[in-house]
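What follows is one structure encoded as structure tokens, with my remarks underneath.
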Amino acid sequence: MTVIFLTVILNPLIAQNPSGLVTDISKIPISGVAIFLDDKKITETNEEGEFTLPEVYQLPIIIELKHFNYDVKTVTLVKAFSLIRLVALDNTQDLDEIILSSTYQKESQVIIPTAKISSQKLKEFSPTDLTLAINEIPGVYIQSGAINTNRIVIRGVGSRTLYGTNKIRGYFNGIPITNGIGETAIDAFNPEDIESLEIVKGPKATQYGTNLGGTLLLNSKQAQAGETYFESSLTLGSFGMLKNNVSVATANEKVSLNLNYDHFESDGFRENSNYNRNAVLLTSNYRINDKNDIGFLFNYNAYVAQISSSIGKTAFEEDPSQAAYTWNEAQGYEDNKQLLTGLNYTHRFTDDFSNTTSVFYSYLDHYEPRPFNILDEYTNGYGARTLFAKDFQFLKKVANLSFGGELYRDQYHWKTLGNLYETNNGNGSLEGELLSNNQEKRNNLNVFATITLPFTNKLEAQFGLNFNSTNYQFIDHFNMGEQNRSTDRNFDPIFAPNMNILYRFNPSVEGYVSISRGFNYPSLEETLTPEGLVNPDLGPETGINYEVGTKAFFFKNKLQIQLAGYLLDIENLLVADRVGEDQYVGRNAGKTQHKGIELSLSYTEIFANGFLLSPYVNAEFSDNRFIDFVDGNLDYSGNKLTGVPNNKVNGGLHLGYKNVQFYTNFLYVGEMPLDDANTLTSDEYTVFNTKVSYNNNITKQLSFEINAGINNFTNTAYASSILINAVGFGNTEPRYFYPGMPRNWFAGFKMAYAI
């Protein structure tokens, strides 16, 4: 069997140029092996089979090796010596590569292209949040009303969610971070702890549920065998921003341990917008023997965040730094304490058959004084997940079958109290009488299976099936007798199949087709009428996603082009009608159609003197509309979908030379309908950001980095998030807008010591 070997010798944390050698089994150098990071070519082997990575790329690092005579290979460079084997295309019938089930805990394993953000990409932005990096993905738009108020919209799905993110399922190190009614909060995780973030657009990732929006897979940084290091970073910025991150990690062939602490505080640029967070992340893995591994995760964060809330058009134009009047008077805030912990165990029955099983527990304690009442709630969530993976031969090639299940249950306790802030002598919120006291029990079961079949060296197909069963139980502890609203709601089970087909025309060009079915359940609150009775007619929204696309490389793989077109038809659209300041009623309102084109272009040139030039641009052009939507006597059929832009374009430039790196980028967001009637729209906007960094070694073990940047350096006034279908109560103006940050700066210093 023809193979090639890659040797890399490097101290993992020293900021020097990683280098390597590629040869065949006879030790003859192989030239022209392209090396990719995040689908961007960063270098290739020369005539002697050697390569050198630019200094900006520090180990550990995940790369792909591509050569027209060999299968594509993904590998993590982590230690002084790495040996990598690529299988020749003309001899792929050998069972050379084993796909362990533990891999599925971190990656979607969808054979067609997905969006991936690495820690290297996150370094191009401020370390305070993920929104800037996520917004670079075409088809994905994250609206950020505040650090703790984010809403992710994927291909228009989720745009009608008023607060937070739902209709998208999230996982952190393979453990669910989505609660029992489909809400996902990514602000609970420190961006400096994240190694990778994969975004699957649409219901393609069968083993992670089939939500119509898609799936987020976050993975934390892990020490690799041979590493021991200590890192500390400090970032200061505008509006009293301070962020301190400390990491300690060590690993050998048997044990790995990562401990991270993060503190983040900010005064905010708006009234009543102070933020203070502390977070701890602990991960560890122990290799019992060649067949058994066990891992542990502990993530805890606690924050107190004042709430400015949305404001009306007049206030937004006159002074966007002001808070909503009632929220400022009540001094509204969130006090959050959140825990996520779990154990995972991997057993390899044979070289080609394995299982990973996880058990997990989550806890959220949330206290939120609002002008209209005080919300006091806590949630206990727990569950288990198991996944089997089996490699087998199919037409003399390696095929794979994965199957398993996930059970998630949570118990949500919540009560509301009156807020007496108006009689509290200007001291903010004060608890009044009890208004409600409720408990919800929410159960979710997913059973899934996926089979991947290589029919030829060029044609590969993947078929998946997901089965879901969901039920809610609502217990009213406040009202008695005939007024008691306790009820159960069991939804009919849903089957969601999908199919992905990939065809490689040549080593540089591939095309794909995907068809997948997905669904989103309503929350328990949406199933209740204003009188507190269950609405048996309200059901999940369902949809089918059709997608076709291509991925291609040109000019010796320096230029990458990715193009996708999609059509998503959704039926039984879930709509939240506002009937009070904090009262919403859910209903199935009709049909929507989401269609669009997504384009990504990137080019990387590394010159002989080591200068790096890498421009890129991403764009999405979509048309999202109500197909059938009648609200009372009003017919909105044919109108644009509320709360999502039809156009979004971003791009940037990365320049590097030796120890200096320069990044600049922009984000353009088109106008968005603010109401279902399409009588009001938000203004389009463009925001520019920039960052520069310098890194060097003090000794062989000690390295440092300094960086500085400016976000929104043109000081554009814009709405970073909107509240659709806002209603003005009394004589007040509807509060549609969350103002975006004005021009702001940050500067940081980082020290790393490797043993």
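Just so it is clear, the structure is predicted and the values come from calculations on it, not from any experiment. Start at 1 with the first residue, then count along the sequence.
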So among Tyr603, Phe505, Phe36, which one has a ring-ring contact (aromatic ring centres under 6.0 Å, His included) with Phe553? Phe36
Residues in ring pair (Phe, Tyr, Trp, His ring centres under 6.0 Å) contact with Tyr546, at least two apart in sequence or another chain: none
Identify whether NZ of Lys or CZ of Arg in Arg348 sits under 6.0 Å from the centre of the six-membered ring of Phe353 and within 45° of that ring's axis. no
Check whether any side-chain heavy atom of Leu212 lies under 4.5 Å from a side-chain heavy atom of Leu568, and answer yes or no. yes
Using every non-hydrogen atom in the two residues, find where Lys123 and Tyr663 come nearest and quote the distance to one decimal. O-CE1, 4.3 Å
Let's go through Ser159 and Leu641 carefully: what are the C-alpha distance in whole Å and the side-chain angles of both, what is the deciding distance for side chain to side chain contact (heavy atoms under 4.5 Å, CB included) to 0.1 Å, and is it a yes or a no? CA-CA 8 Å; Ser159 67; Leu641 184 64; 3.6 Å; yes
Are the side chain of Gln462 and the backbone N or O of Ile451 linked by a donor-acceptor pair below 3.5 Å? no
Determine yes or no for a side-chain-to-main-chain donor-acceptor pair under 3.5 angstrom, with Asn355 supplying the side chain and Leu387 the backbone. yes
Atom of Thr215, atom of Gly209 and distance for their closest heavy-atom approach: OG1-O, 4.4 Å
Any sub-3.5 Å donor-acceptor pair from Lys390's side-chain atoms to Ala399's backbone N or O? no
Flag the pair Gln207 / Thr450 as yes when at least one side-chain heavy-atom distance between them is below 4.5 Å, and no otherwise. yes
Side chain Lys204, main chain Lys201, donor-acceptor under 3.5 Å: yes
For a side chain to side chain contact (heavy atoms under 4.5 Å, CB included) check, start with the C-alpha distance between Ile501 and Tyr503, then their side-chain angles and the critical distance, and finish with the verdict. CA-CA 7 Å; Ile501 297 177; Tyr503 186 81; 5.7 Å; no
At what distance, to the nearest 0.5 angstrom, does CD1 of Ile627 lie from CZ of Arg625? 8.5 Å
Ion pair Lys591/Asp569, N-O distance below 4.0 Å: no
So do the side chains of Phe621 and Asn646 get within less than 4.5 Å of each other, counting heavy atoms only? no
Close aromatic pair by centroid cut-off 6.0 Å: Phe519 and Tyr521: yes
Nearest heavy atoms of Lys640 and Pro673, plus distance in Å: CB-CG, 3.8 Å
Do the side chains of His654 and Leu613 get nearer than 4.5 Å, heavy atoms only? no
Hey, could you give me the CD1/CG distance between Ile177 and Leu218, rounded to the nearest 0.5 Å? 5.5 Å
Might you work through the ring pair (Phe, Tyr, Trp, His ring centres under 6.0 Å) test for Phe394 and Phe392, ending with a clear yes or no? CA-CA 7 Å; Phe394 177 78; Phe392 62 96; 7.0 Å; no
Pair Arg169 + Glu406: basic N to acidic O under 4.0 Å: yes
Check whether the side chains of Thr178 and Thr184 place a donor and an acceptor atom closer than 3.5 Å, and report yes or no. yes
Rounded to the nearest 0.5 Å, how far apart are NZ of Lys167 and CD of Glu183? 12.0 Å
Heavy atoms, side chains only, cut-off 4.5 Å: are Phe611 and Leu655 in contact? yes
Are Asn647 and Val669 side-chain neighbours, meaning at least one heavy-atom pair lies under 4.5 Å? no
Side chains of residues 508-517: which donor-acceptor pairs under 3.5 Å do they make with residues two or more places apart or in other chains?
unit_1, atom_1, unit_2, atom_2, d
Tyr512, OH, Glu547, OE2, 3.0
Ser514, OG, Asn500, OD1, 2.7
Arg517, NH1, Phe495, O, 2.6

Does CZ in Phe555 sit with more than 12 non-hydrogen atoms of other residues, nucleotides or ligands closer than 6.0 Å? no
Heavy-atom closest pair, residues Arg155 and Asn624: O-OD1, 4.0 Å
Take Gln222 and Ser220 through the side-chain hydrogen bond (donor to acceptor under 3.5 Å, both in side chains) test and state the conclusion after the steps. CA-CA 6 Å; Gln222 305 288 329; Ser220 65; 2.8 Å; yes
Can you tell me if Ser682 uses its side chain to pair, donor with acceptor, with the backbone of Glu671 under 3.5 Å? no
Between the side chain of Glu620 and the main-chain N/O of Gly139, is any donor-acceptor distance below 3.5 Å? yes
Is any side-chain heavy atom of Ser119 closer than 4.5 Å to one of Lys221? yes
Point-to-point distance, once rounded to the nearest 0.5 Å, from CG of Asn639 to CZ of Phe626: 7.0 Å
Using a strict threshold of under 4.0 Å (side-chain N to carboxylate O), is an ion pair present between Glu124 and Lys691? no
Can you name the residues that form a side chain to side chain donor-acceptor pair (under 3.5 Å) with Thr664, not counting sequence neighbours? none
Rounded to the nearest 0.5 Å, how far does OG of Ser144 lie from CG of Asp129? 6.5 Å
Identify which one of Ile186, Asn219, Ile117, Leu130 satisfies the side chain to side chain contact (heavy atoms under 4.5 Å, CB included) criterion when paired with Ile194. Leu130
Are Glu541 and Asn520 close enough that a side-chain donor and a side-chain acceptor fall under 3.5 Å? yes
Would Asn150 and Thr131 satisfy side chain to side chain contact (heavy atoms under 4.5 Å, CB included), going step by step from the backbone distance to the final call? CA-CA 8 Å; Asn150 297 298; Thr131 57; 3.7 Å; yes
So which atom in Ala389 and which in Asn400 form the shortest heavy-atom distance, rounded to 0.1 Å? CB-ND2, 4.4 Å
Are Thr114 and Ile199 packed together at the side-chain level, in the sense that at least one heavy-atom pair is separated by less than 4.5 angstrom? no
Run the side-chain hydrogen bond (donor to acceptor under 3.5 Å, both in side chains) check on Arg151 and Gln143 step by step: do they pass? CA-CA 5 Å; Arg151 178 168 69 253; Gln143 300 189 39; 3.1 Å; yes
Between OG1 on residue Thr686 and CZ on residue Phe666, distance to nearest 0.5 Å: 7.5 Å
Of all heavy-atom pairs between Phe448 and Thr386, which one has the smallest distance, and what is that distance? CZ-O, 3.9 Å
Looking just at side-chain N and O atoms, do Thr206 and Asn466 make a donor-acceptor pair shorter than 3.5 Å? no
With respect to Val157, which candidate in Ile168, Asn211, Ile570, Ile152 satisfies the side chain to side chain contact (heavy atoms under 4.5 Å, CB included) definition? Ile570
Show, in sequence, the C-alpha distance, side-chain angles and deciding distance for Asn344 and Thr356, and conclude whether the side-chain hydrogen bond (donor to acceptor under 3.5 Å, both in side chains) test is met. CA-CA 7 Å; Asn344 67 79; Thr356 293; over 6 Å; no
Leu599/Ile561 under side chain to side chain contact (heavy atoms under 4.5 Å, CB included): CA gap, chis, key distance, verdict: CA-CA 7 Å; Leu599 174 66; Ile561 300 176; 4.1 Å; yes
Geometric cation-pi criterion, Lys121 with Tyr616: 6.0 Å, 45°: yes
